[in-house]
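These notes concern the structure reproduced below.
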Number of protein chains: 2
Amino acid sequence: MSAVEPISGKSDKSRLSSSDWEQAALDLLAEQGVAAVAVEPLARRLGVTKGSFYWHFPSRDALLKAALELWEKQDQEAVFDQIDAIIDPRERLYALFRRTSREIRSHVIYSHLLKAMDQPVVQPLMERVSTRRVNYLLTGYRALGMSRRDAMNRARLAYAAYIGILQMMLQLKTMRMNHEEYEAYVEHIAETLIPAAV
Amino acid sequence: MSAVEPISGKSDKSRLSSSDWEQAALDLLAEQGVAAVAVEPLARRLGVTKGSFYWHFPSRDALLKAALELWEKQDQEAVFDQIDAIIDPRERLYALFRRTSREIRSHVIYSHLLKAMDQPVVQPLMERVSTRRVNYLLTGYRALGMSRRDAMNRARLAYAAYIGILQMMLQLKTMRMNHEEYEAYVEHIAETLIPAAV
DNA sequence: TTGTTACCATACGGTAGCGTATTGACAACC
DNA sequence: GGTTGTCAATACGCTACCGTATGGTAACAA
């Protein structure tokens, strides 16, 4: 398996739309990172040549940008929109921690993007998404009655832990654990990072 | 400044040793990541051509490997060897947390290597270094009287936080803070991740 | 002084991308 | 049924790297 070629998955309709390219770009991004989102390999995977690509997009960067905007939207919906429903802040933080263990794909992409922050297309997006998330945590901690300063520091710490856990789980295979071990780990994290109820 | 060229720093002796190449490789690695450690750019920076390089090393990978081994040694000495002196485990953990804020270069390199775990030269090294460090934390927490399981989870969490903080500080410039703010942050982290004395 | 060794330059061939230009094919529409 | 618009193939030139082959030169030794 040459890691990129056919993937003769779903719809092999004979003509492609820009949306097809964006989807394929996200797939490849999730699988192999930003560098792998290249025109010619993508075309090969989709069974066409790059002559097709440059009809839909003016450049590789344009595709990347479009794909990333798609991801940002999907990610927002998948994770945060649902949790906003939970009112109790302690419950909401806890749900946030647990949900992060699922919805893998979106986090895998986030992790890959973290490695490509040198690229101008990626950097502003990641700044945006990350500060949004930290602020989300911040308001959560504030709602628990923490001081402005403590809440900020705890939010930073929790988000740093999120990033680190991503890397450890996805990159360091020495660190991987089985399901129940992981459940206990998440539990430990919640206990450590969410202040106890009064 | 073309980001790579001269750097006509220190010793511009007219002949180079393999050690000079390794040093230059580490410099470039710290500045621009693993991908930047390429033969021709390095040669340009050193004011020679790659004809020279391939006399000292058989391949680019061989250079990278040598440079990384050098880093591993330096890193070990710079951070851990000194902290081993501290006996009280609580003090030692605290010192570890604080010291990580300094010794920047070594951590910058670690952060860049984290992004290159797909490369066969990098991966085993990072597995080795990372598990070594987590185990170091583990014994620290055990010495504080935590259960095997709790200590393991706390060590994982602390190391995840380390990784995440690295990324946030080095990549997300929105997250950067001034010195006193950072000091307070580290203090908060220590309070949160090191169990209080009985 | 004459080799030898250690280091370096030059020139070459190869790969993997990006992006452009031109032409082709098929479908939709009038 | 011809025209137009949409998607695609081919061929090209360009850049930046890797690695090889071969010859040159300065320093040091015999």
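Chain identifiers are assigned alphabetically (A, B, ...) following the order of the sequence lines, protein sequences preceding nucleic acid strands; residue numbering begins at 1 within each chain. Values reported hereafter were calculated over all heavy atoms of this structure, with side chains retained and with hydrogens, waters and symmetry mates removed.
One N or O donor and one acceptor, one from the side chain of B:R15 and one from the base of C:dA6, sit under 3.5 Å apart.
Distances from the side chain of B:A38 to the nucleotides D:dC18, D:dT6, C:dC7 place D:dC18 closest. Side-chain proximity of A:S52 to C:dC8, D:dA8, C:dG17: nearest is D:dA8. When each of D:dC7, C:dC8, C:dC18 is scored by its nearest atom to the side-chain atoms of B:V48, the top-ranked nucleotide is C:dC8. With C:dG19, C:dC8, C:dG17 as the choices, the nucleotide that has an atom nearest any side-chain atom of A:R44 turns out to be C:dG17.
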All N/O contacts under 3.5 Å from nucleotides 10-13 of chain C to the protein, with atom names and distances to one decimal?
none

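The 12-atom threshold is exceeded at CZ of B:R128, counting heavy atoms of other residues, nucleotides or ligands nearer than 6.0 Å.
The CG atom of B:L46 sits 13 Å away from the C1' atom of C:dC7 (whole-angstrom rounding). Going from atom CD of A:Q119 over to atom P of C:dC18 covers 11 Å, rounded to whole Å. Between B:Y54 atom OH and D:dG19 atom C1' the separation is 5 Å, expressed in whole Å. Nucleotide D:dG19 holds its C1' atom 18 Å from the CH2 atom of B:W55, rounded to whole Å. In this structure, the CG atom of B:L16 is 16 Å from the P atom of D:dA26, given to the nearest Å. Per the geometry, CZ belonging to B:F57 stands 12 Å off P belonging to C:dC8, to the nearest Å. Atom CZ in B:R45 sits about 20 Å away from atom C1' in C:dC8, given to the nearest Å. Between the P atom of C:dA21 and the CZ atom of A:F53 lies a distance of 16 Å, rounded to the nearest Å.
No side-chain donor from either of B:Y94 and B:E191 sits under 3.5 Å from a side-chain acceptor of the other. With hydrogens and angles left out, the side-chain atoms of B:Q123 and B:E127 include a donor and acceptor closer than 3.5 Å. Side-chain contact, A:R132 with A:N135: no donor N or O sits under 3.5 Å from an acceptor N or O.
Look at A:H56 and you won't find any side-chain N or O under 4.0 angstrom from OP1 or OP2 of D:dT6.
Taking five base pairs at each end of the helix from C:dT1-D:dA30 to C:dC30-D:dG1 and finding the rotation axis that steps the C1' atoms of four pairs onto the next four gives two axes whose angle is 10°, to the nearest 10°.
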A:L114 vs B:L114, test: side-chain contact (heavy atoms from CB on, under 4.5 Å). Steps then yes/no.
CA-CA 10 Å; A:L114 221 37; B:L114 221 37; over 6 Å; no
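Residue pairs meeting the salt bridge (charged side-chain N to carboxylate O under 4.0 Å, His left out) criterion with at least one partner in residues 161-175 of chain B, sequence neighbours excluded, do not occur; the list is empty.
A:W21 CH2 to A:L28 CG: the interatomic distance, rounded to the nearest 0.5 Å, is 11.0 Å. Atom OH in B:Y182 sits 13.5 Å away from atom NE2 in B:H188 (nearest 0.5 Å).
Looking at A:K115 and B:D118, no side-chain N of the basic residue comes within less than 4.0 Å of a carboxylate O on the acidic one, giving no salt bridge.
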